[in-house]
Amino acid sequence: MSQTSDLSWHQSTEENGSQPPLSLQNVHVSYRTRAGSVQAVRGVTLDLLAGESLALIGESGSGKTTLGLGIVRLLVDTAEVSPGQIIYRRDGRELDVLSLAEGPLREFRWRDCAMVFQSALNAFNPVLKVWDQVWDTAKAHNWNNRSEVRERFLDLLRFVQLDPDRVIDAYAHELSGGMRQRTLLAISLLLDPQILILDEPTTALDILTQRTIIDLLRRLKEDLHFTMLFISHDLAIAAELADRVATMYAGQVVELGPVSEIFYRPRHPYSLGLIRAVPTVTGGFEELSSIPGSPPDLINLPSGCKFHPRCPFASERCSREEPGLERVGDNHFAACWHTDAVQEDIERNGLRGRRAA
Amino acid sequence: MATATDVSNVSPRGSTSPHSVLRAIWSSYFFRKFLRALATIFVVTTIIFFLVRLLPGNPIEIYVNQLIVTYGMPVHEAQDQAAALFAIDLDEPVILQYFSYLQNLARGNFGQSVLSPGTTVTEVILRFLPWTLFSVGLGLLISFTVGVLLGVIMAYRRDSFLDHGFTVVSSIISSVPDFLIGLLLVVWLGVQWKIIPIGAMRGAYSSGMVPGFNLEFFADALFHGALPISTYVLTSVGFWMLSMKSNTISTLGEDYVTIAKARGLKEWRITTAYVGRNAILPLFTILTIRVGFVVGGSLLVEQIFEYGGIGRMLGQAINQRDYTLMQGIFLIITFSVIFANFFADVLYGWLDPRIKLQDN
Ligand SMILES: Nc1ncnc2c1ncn2[C@@H]1O[C@H](COP(=O)(O)OP(=O)(O)OP(=O)(O)O)[C@@H](O)[C@H]1O
Ligand code: SF4
Ligand SMILES: [Mg+2]
């Protein structure tokens with residue numbers, strides 16, 4: 001029972017499905033604020049393929065969390081998702097997530113699509129034991145066999161390398177940050193979801209705990225072929241865990257492609273900037289802050305390409321016309337007028353660029 | 001400093017005899033609190049003893065004045081009568097009075113009422129205190145329940161007409177002192193509009209009623225308690241509403257609530273076990289502390305409605321400078337405040353699993 005291969009029950013049904021389990025089509029999200037409408041996500045079209053691990057990278061404020069929360073419909077009341085469509089597929093059935101009614105939405109959440117949140121420190125109800133919250137989750141999805149649920153959760157705790165007997169009856173405050181994050185990860189696997197969304201699963205953890213979690217996620221990906229959408233600041237982690245990478249800027253996917261393409265042959269100046277901003281020492285746990293300039297004001301967006309005020313490749317056209325995602329290679333897309341110039345620059349100066357100082 | 005990792009070492013399934021460790025912390029914590037409570041009671045008792053004697057006039061003077069004013073007695077005669085009546089020697093040095101008071105107190109003897117010799121303070125308290133506990137307790141219970149429920153509704157319907165309406169009304173009512181509300185009830189409902197029979201509602205129950213555990217008596221007690229109880233409810237319900245509303249709103253923003261939704265939990269389960277339980281937690285402490293002020297808080301309201309509770313007795317005792325009765329009632333007040341604080345701690349530790357370890 002406790003072998004990892006038992007942790008995932010959905011393998012067989014999934015392999016044959018050629019349809020992606022999740023398709024985002026032209027998804028827009030805006031927040032109503034006093035200052036105006038914050039355009040947090042602007043027309044994201046993205047397929048999450050069965051068994052793949054897709055990394056969403058980008059600076060703070062680029063709309064990654066907003067997109068993740070939008071998929072499970074957990075955005076605050078002031079957020080509006082429109083226009084756009086989110087299609088979820090499982091076993092040949094197709095759901096329009098944005099128009100799900102209360103009941104089906106509850107079923108969709110966690111059973112079909114589980115999400116591990118950015119700040120797991122506060123993820124647990126402080127007055128309920130871990131087990132009570134696990135049991136709540138199972139019951140909410142009509143899984144009423146107590147001993148079976150408990151058995152499965154103990155297995156999952158072992159999988160995330162926690163002492164199961166110690167954690168299961170603990171309160172959140174009795175667990176360290178890393179333990180909580182791993183417990184949440186274990187709970188996210190409870191119902192064997194088809195899709196797992198992980199929002200910065202390693203931020204705010206010490207390096208050792210980060211390592212443990214990354215190793216766990218790698219096992220999820222490599223051994224269990226989980227379909228994962230994971231959001232990260234950290235390019236090193238994205239490089240390690242992702243099959244494909246989507247770079248987000250100002251609420252849009254500006255580059256999308258296989259992990260090796262994005263990290264070794266980026267064609268969008270922003271992706272290139274992100275890569276060049278990572279310190280060369282392969283620690284890589286730095287925040288991405290060293291692209292000159294600051295992210296755009298999402299209420300009053302710049303004209304043309306949203307990156308043009310910060311872009312070293314910008315031309316006059318960039319400030320007038322906004323580029324769309326175009327194919328630039330095998331499964332590789334970028335939204336930029338001057339992808340060729342980016343390629344030339346890499347050829348001339350190397351991927352990491354010629355550092356002046 | 002109890003950090004998360006420290007705590008994990010003493011958690012129930014740790015390595016070294018964790019239960020005894022926990023119990024030791026627990027018991028010593030309460031032992032310390034108990035000692036502190038005893039000391040507080042002693043200090044307050046002492047202060048009250050001297051304070052009541054600092055009030056202008058003494059029971060005999062007041063009684064003598066009464067005799068002179070009401071019966072037109074000559075001064076000498078009045079003094080003689082007073083001296084014969086009272087079993088208190090006010091000429092004894094205060095410090096000696098104090099020690100004999102303490103001695104009696106240690107034996108659980110509160111002494112006799114100065115003004116009604118033969119009646120012990122304990123008798124007075126036992127007779128009137130239950131009515132105060134009944135009326136204020138019921139008032140508190142009603143206002144807490146109603147306030148908490150309305151507070152949650154207001155939080156869930158934030159910025160609705162209902163929310164704004166309740167907020168305005170409750171802010172206004174909670175800023176009016178209770179005795180004023182009591183007076184307004186008497187003046188409007190009783191005197192001007194004559195909606196309710198103010199006169200018949202005096203006392204704790206109708207004369208001729210035999211106290212007992214039956215419906216008839218309970219209904220009668222409710223009838224007599226209705227005005228003070230309504231006053232307590234009106235003055236405090238706004239506080240519970242607004243506190244519960246703001247606690248609920250902030251709890252709704254907690255990550256664990258969002259995650260509970262993400263886990264697909266039913267709305268009702270989230271509202272009760274995730275939002276409600278955490279939002280109400282701090283209110284329980286305030287509730288228990290307020291229970292401690294039951295006796296003290298009844299003072300003015302009971303006098304306005306002439307309700308037969310301990311607050312009204314205290315009013316009389318103060319007016320007549322009945323030292324021993326005042327001391328007795330103040331001691332009960334002190335005791336209930338301290339006990340309530342003590343109880344609030346126990347309750348909170350019991351309701352909130354995080355508390356037990358934090359004190360260490
Ligand atoms: N509740 C909200 N109301 C208004 N604006 C919001 C709200 N939540 C997020 N935003 C704005 O939407 C934009 C996208 O935020 P989001 O949290 O999705 O970014 P992110 O990419 O996840 O950033 P980070 O890496 O810091 O987590 C930001 O500009 C943010 O200020
Ligand atoms: S379109 Fe122009 S401004 Fe935008 S990224 Fe490409 S080169 Fe830079
Ligand atoms: Mg985020």
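Chain identifiers are assigned alphabetically (A, B, ...) following the order of the sequence lines, protein sequences preceding nucleic acid strands; residue numbering begins at 1 within each chain.
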Might you confirm whether atom [atom1] of [X] has over 12 heavy atoms from other residues, nucleotides or ligands at distances under 6.0 Å?
{"X": "Asp77(A)", "atom1": "CG", "answer": "no"}
{"X": "Phe343(B)", "atom1": "CZ", "answer": "no"}
{"X": "Phe335(B)", "atom1": "CZ", "answer": "no"}
{"X": "Arg269(B)", "atom1": "CZ", "answer": "yes"}

- Which atom pair, heavy atoms only, marks the closest approach of Trp110(A) to Ala262(B)?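 Shortest heavy-atom separation between Trp110(A) and Ala262(B) comes out as CE3-O, 3.1 Å.
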- Considering all heavy atoms of both residues, which atom of Gly264(B) and which atom of Ala140(A) are nearest to each other, and what is their separation?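 Taking Gly264(B) first and Ala140(A) second, the nearest heavy atoms are O-CB, 3.4 Å.
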- Of the backbone (N, CA, C, O) and the side chain (C-beta and beyond), which part of Leu281(B) lies under 4.5 Å from a heavy atom of chain A, both, or neither?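 Contact with chain A is through the side chain of Leu281(B) alone.
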- Message: Against Arg106(A), only a single residue in Lys266(B), Lys261(B), Arg263(B) fulfils side-chain contact (heavy atoms from CB on, under 4.5 Å); can you say which?
- Response: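 Testing each of Lys266(B), Lys261(B), Arg263(B) against Arg106(A), the sole residue satisfying side-chain contact (heavy atoms from CB on, under 4.5 Å) is Lys266(B).
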Spacing of [X] atom [atom1] and [Y] atom [atom2] [to the nearest 0.5 Å]:
{"X": "Asn125(A)", "Y": "Asn278(B)", "atom1": "CG", "atom2": "CG", "result": "4.5 Å"}
{"X": "Met115(A)", "Y": "Thr258(B)", "atom1": "CE", "atom2": "OG1", "result": "10.0 Å"}
{"X": "Leu128(A)", "Y": "Arg277(B)", "atom1": "CG", "atom2": "CZ", "result": "5.5 Å"}
{"X": "Tyr256(B)", "Y": "Gln133(A)", "atom1": "OH", "atom2": "CD", "result": "9.5 Å"}

Measuring heavy-atom distances to chain B, does [X] have an atom under 4.5 Å in its side chain, in its backbone, in both, or in neither?
{"X": "Glu102(A)", "answer": "side chain"}
{"X": "Val127(A)", "answer": "both"}
{"X": "Leu105(A)", "answer": "neither"}

- Go through the steps for Ile259(B) and Phe124(A) under the test side chain to side chain contact (heavy atoms under 4.5 Å, CB included), then give the verdict. CA-CA 8 Å; Ile259(B) 293 181; Phe124(A) 295 95; over 6 Å; no
- What residue in Ala170(A), Gly103(A), Pro126(A) has the most heavy-atom pairs under 4.5 Å with chain B?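 Greatest number of close heavy-atom pairs with chain B: Pro126(A).
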